[in-house]
Amino acid sequence: MKQTSLQGIANKATQDKTYRFRNLFGMLTISYLFWCWDFINRKAIAGEDGIDAQAYEENLLPNIEQLVKQVKENTYRAKLILRKYIPKMDGTLRPLGIPAIADKLLQRGVAKILEAIYEQDFLTCSYGYRPRIGALKAVKDLSSELRSGKYHHVVEADIKSFFTHINHDLLLDMLARRIDDKRFLNLISKWLKAGIMETDGQVTHPVTGTPQGGVVSPILANIYLHHVIDEWFEETVRKHCRGQVYLCRYADDFLCAFENAKDAERFYKSLGQRLERFGLQLAEDKTRMIEFSHCKVRVKTKFDFLGFEFFWGVNRWGKPILKRRTSREKLKASLANYKVWFIKNSRLPKKILFTKLNRKLRGYYNYYGVRGNYKSLNSFVYRIWQLLFKWLNRRSQRRSYNVKGFKELVKDFGIAKPQICHDF
């Protein structure tokens with residue numbers, strides 16, 4: 001029933017691109033939120049109220065009934081968002097917002113409805129935070145476009161602190177183009193304006209942004225950038241370019257390819273002005289225009305996108321070929337993460353340790369195992385061997401293995417070998 005209702009919304013959104021949906025608020029029923037509960041991450045940490053998913057689930061139906069009653073009677077108030085910080089590769093900290101579990105459930109319900117509408121509007125250039133569309137699909141499509149040889153210039157761009165600078169009023173105006181339901185939009189507004197409890201206990205009330213980590217934040221971010229970048233690129237930029245152009249966007253990280261140098265220069269100059277109109281800024285250290293052409297293989301230009309380094313090389317017959325390898329930053333970050341993992345897990349029984357390690361390695365290969373990246377995978381696994389050897393020998397005060405003994409151990413338990421999983 002719930003999927004049928006959402007499919008009906010999706011069908012209507014497909015048929016009429018100007019239709020404004022009414023009474024979406026009425027969909028937030030007990031049965032609908034009970035169905036949405038299956039999409040909640042049970043392992044997620046508790047929010048500001050200290051209630052995690054397991055505790056909430058112990059009295060799930062009464063909790064949902066109480067939540068729906070508050071929403072319908074207009075007594076619902078979004079709880080404070082718990083702020084957490086996680087380290088980034090450049091040494092800075094990424095702020096995350098952890099909503100209370102009840103807010104997560106309600107946000108999930110709203111996000112499902114928004115998804116049913118906007119998946120019909122989103123363009124093919126958008127890949128991030130979308131069902132059945134991910135980073136590898138973006139890498140595949142981008143690779144295919146670049147191999148076509150139509151493009152000779154690339155503009156790679158990143159938006160500075162995007163999630164914290166989304167303009168609330170502009171976002172709600174964008175939503176109102178498709179949604180004619182004030183109560184539904186008011187719910188979203190409550191989440192945007194919810195107070196944030198910082199790590200020191202202080203509470204701040206943001207005037208811009210949507211918390212990175214909130215359940216509804218990804219779809220709201222995509223809607224914002226759909227209007228700011230995607231539509232503008234397709235309806236304005238493309239029409240004013242003389243040559244072929246291409247946009248590939250994953251959340252706030254995007255790349256544009258151009259056939260003509262003047263088209264690329266004009267876009268590069270106008271991009272910052274376009275973003276400023278919507279309260280956004282380019283991250284200057286991650287935004288640049290480069291020459292990137294199969295016609296000039298000797299020009300050693302390269303760029304990083306979604307964990308891969310793209311560059312032109314030659315094959316065994318001397319013909320230009322697009323190459324990809326794991327970006328050095330991502331490789332360094334992955335090894336750092338594995339080091340932390342070995343510190344925590346090296347004392348596990350060896351059978352369990354190797355089982356978990358191989359599961360992690362297969363996940364790594366499943367993403368980075370694209371055609372032509374075997375050398376990078378092999379180098380990565382060699383470093384993993386070194387880390388494993390080091391931390392196994394720290395399980396006790398005495399050295400446990402020499403090189404020969406370690407190789408015998410690996411032979412007995414096995415380490416997953418590098419594997420190319422994607423032929424693109």
Side-chain angles (χ1 to χ4, degrees), residues 13-20 117-130 133 137-160 162 165-167 170-171 173-178 220-284 286-295 301 303 305-306 310 322:
T14 302
Q15 294 165 6
D16 188 349
K17 296 294 184 181
T18 62
Y19 184 78
R20 298 178 69 210
I117 298 171
Y118 284 95
E119 274 300 310
Q120 324 316 314
D121 293 352
F122 290 152
L123 305 180
T124 56
C125 60
S126 172
Y127 294 87
Y129 308 133
R130 298 183 60 190
I133 300 174
K137 179 71 163 58
V139 172
K140 178 181 179 180
D141 292 351
L142 174 61
S143 299
S144 178
E145 282 290 328
L146 294 177
R147 287 193 188 105
S148 70
K150 294 183 288 188
Y151 310 103
H152 306 288
H153 305 270
V154 161
V155 175
E156 51 176 327
D158 189 83
I159 301 174
K160 183 178 180 180
F162 166 66
H165 288 99
I166 294 175
N167 184 292
L170 291 178
L171 173 59
D173 286 343
M174 294 171 185
L175 290 167
R177 299 179 194 178
R178 270 303 216 171
L220 294 179
N222 252 349
I223 292 168
Y224 201 77
L225 290 176
H226 168 74
H227 291 288
V228 175
I229 295 177
D230 302 353
E231 284 188 335
W232 171 64
F233 191 88
E234 289 300 319
E235 297 173 5
T236 303
V237 174
R238 188 179 295 277
K239 289 181 180 179
H240 288 84
C241 288
R242 295 184 177 182
Q244 296 284 335
V245 296
Y246 174 73
L247 167 65
C248 182
R249 179 178 67 79
Y250 190 92
D252 57 329
D253 190 8
F254 58 99
L255 182 135
C256 305
F258 296 85
E259 178 183 7
N260 188 290
K262 290 186 177 179
D263 291 339
E265 290 172 1
R266 188 164 55 248
F267 171 78
Y268 184 72
K269 291 178 181 178
S270 63
L271 179 58
Q273 297 175 351
R274 172 69 181 181
L275 294 179
E276 285 178 6
R277 288 178 52 190
F278 297 89
L280 304 176
Q281 283 184 309
L282 285 170
E284 295 183 2
K286 298 180 181 179
T287 303
R288 60 175 182 153
M289 183 178 72
I290 62 171
E291 188 174 28
F292 192 82
S293 174
H294 70 286
C295 298
T301 54
F303 64 86
F305 191 65
L306 298 179
F310 290 74
L322 180 70

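It should be emphasised that the depicted structure is a prediction, and the values quoted were computed from it without experimental measurement. Count residues from 1 along the sequence.
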Donor-acceptor pairs under 3.5 angstrom involving side-chain atoms of residues 256-268: please list them, not counting sequence neighbours.
{"unit_1": "Glu259", "atom_1": "OE1", "unit_2": "Gln244", "atom_2": "N", "d": "2.8"}
{"unit_1": "Asn260", "atom_1": "OD1", "unit_2": "Lys262", "atom_2": "N", "d": "2.8"}
{"unit_1": "Asn260", "atom_1": "OD1", "unit_2": "Asp263", "atom_2": "N", "d": "3.3"}
{"unit_1": "Asp263", "atom_1": "OD1", "unit_2": "Arg242", "atom_2": "N", "d": "3.4"}
{"unit_1": "Asp263", "atom_1": "OD1", "unit_2": "Arg266", "atom_2": "NH2", "d": "2.7"}
{"unit_1": "Asp263", "atom_1": "OD2", "unit_2": "Arg242", "atom_2": "N", "d": "3.0"}
{"unit_1": "Asp263", "atom_1": "OD2", "unit_2": "Gly243", "atom_2": "N", "d": "3.0"}
{"unit_1": "Arg266", "atom_1": "NH2", "unit_2": "His240", "atom_2": "O", "d": "2.8"}

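Counting only N and O atoms by type, the side chains of His226 and Glu231 include a donor and acceptor under 3.5 Å apart. Defined by atom type and a distance below 3.5 Å, a donor-acceptor pair is missing between the side-chain atoms of Asn167 and Arg277.
From Leu171, atom CG reaches atom CD1 of Ile166 across 6.5 Å, with rounding to the nearest 0.5 Å. Considering CG of Leu282 and CG of Leu271, their distance stands at 4.5 Å, rounded to 0.5 Å.
Across all non-hydrogen atoms, the minimal contact from Asp158 to Thr287 is N-OG1, 3.4 Å.
Atom NZ of Lys150 sits in a crowded spot, with more than 12 heavy atoms from other residues, nucleotides or ligands closer than 6.0 Å. For NZ of Lys17, the number of neighbouring non-hydrogen atoms (other residues, nucleotides, ligands) closer than 6.0 Å is greater than 12.
Looking at Phe162 and Leu225, their side chains come closer than 4.5 Å, going by heavy atoms from C-beta outward. Two residues are said to be in side-chain contact when any heavy atoms from C-beta on lie closer than 4.5 Å; Leu247 and Ile229 meet this criterion. The shortest distance between side-chain heavy atoms of Phe122 and Ile223 falls below 4.5 Å.
For the pair Lys286 and Glu156, the salt-bridge criterion is not met [side-chain N within less than 4.0 Å of a carboxylate O]. With respect to the salt-bridge test (charged N to carboxylate O, under 4.0 angstrom), the residues Arg177 and Asp173 do not qualify.
Applying the side-chain hydrogen bond (donor to acceptor under 3.5 Å, both in side chains) test to Arg238 and every residue at least two apart in sequence or in another chain returns Glu234.
Two rings, from Phe303 and Phe310, have their centers less than 6.0 Å apart.
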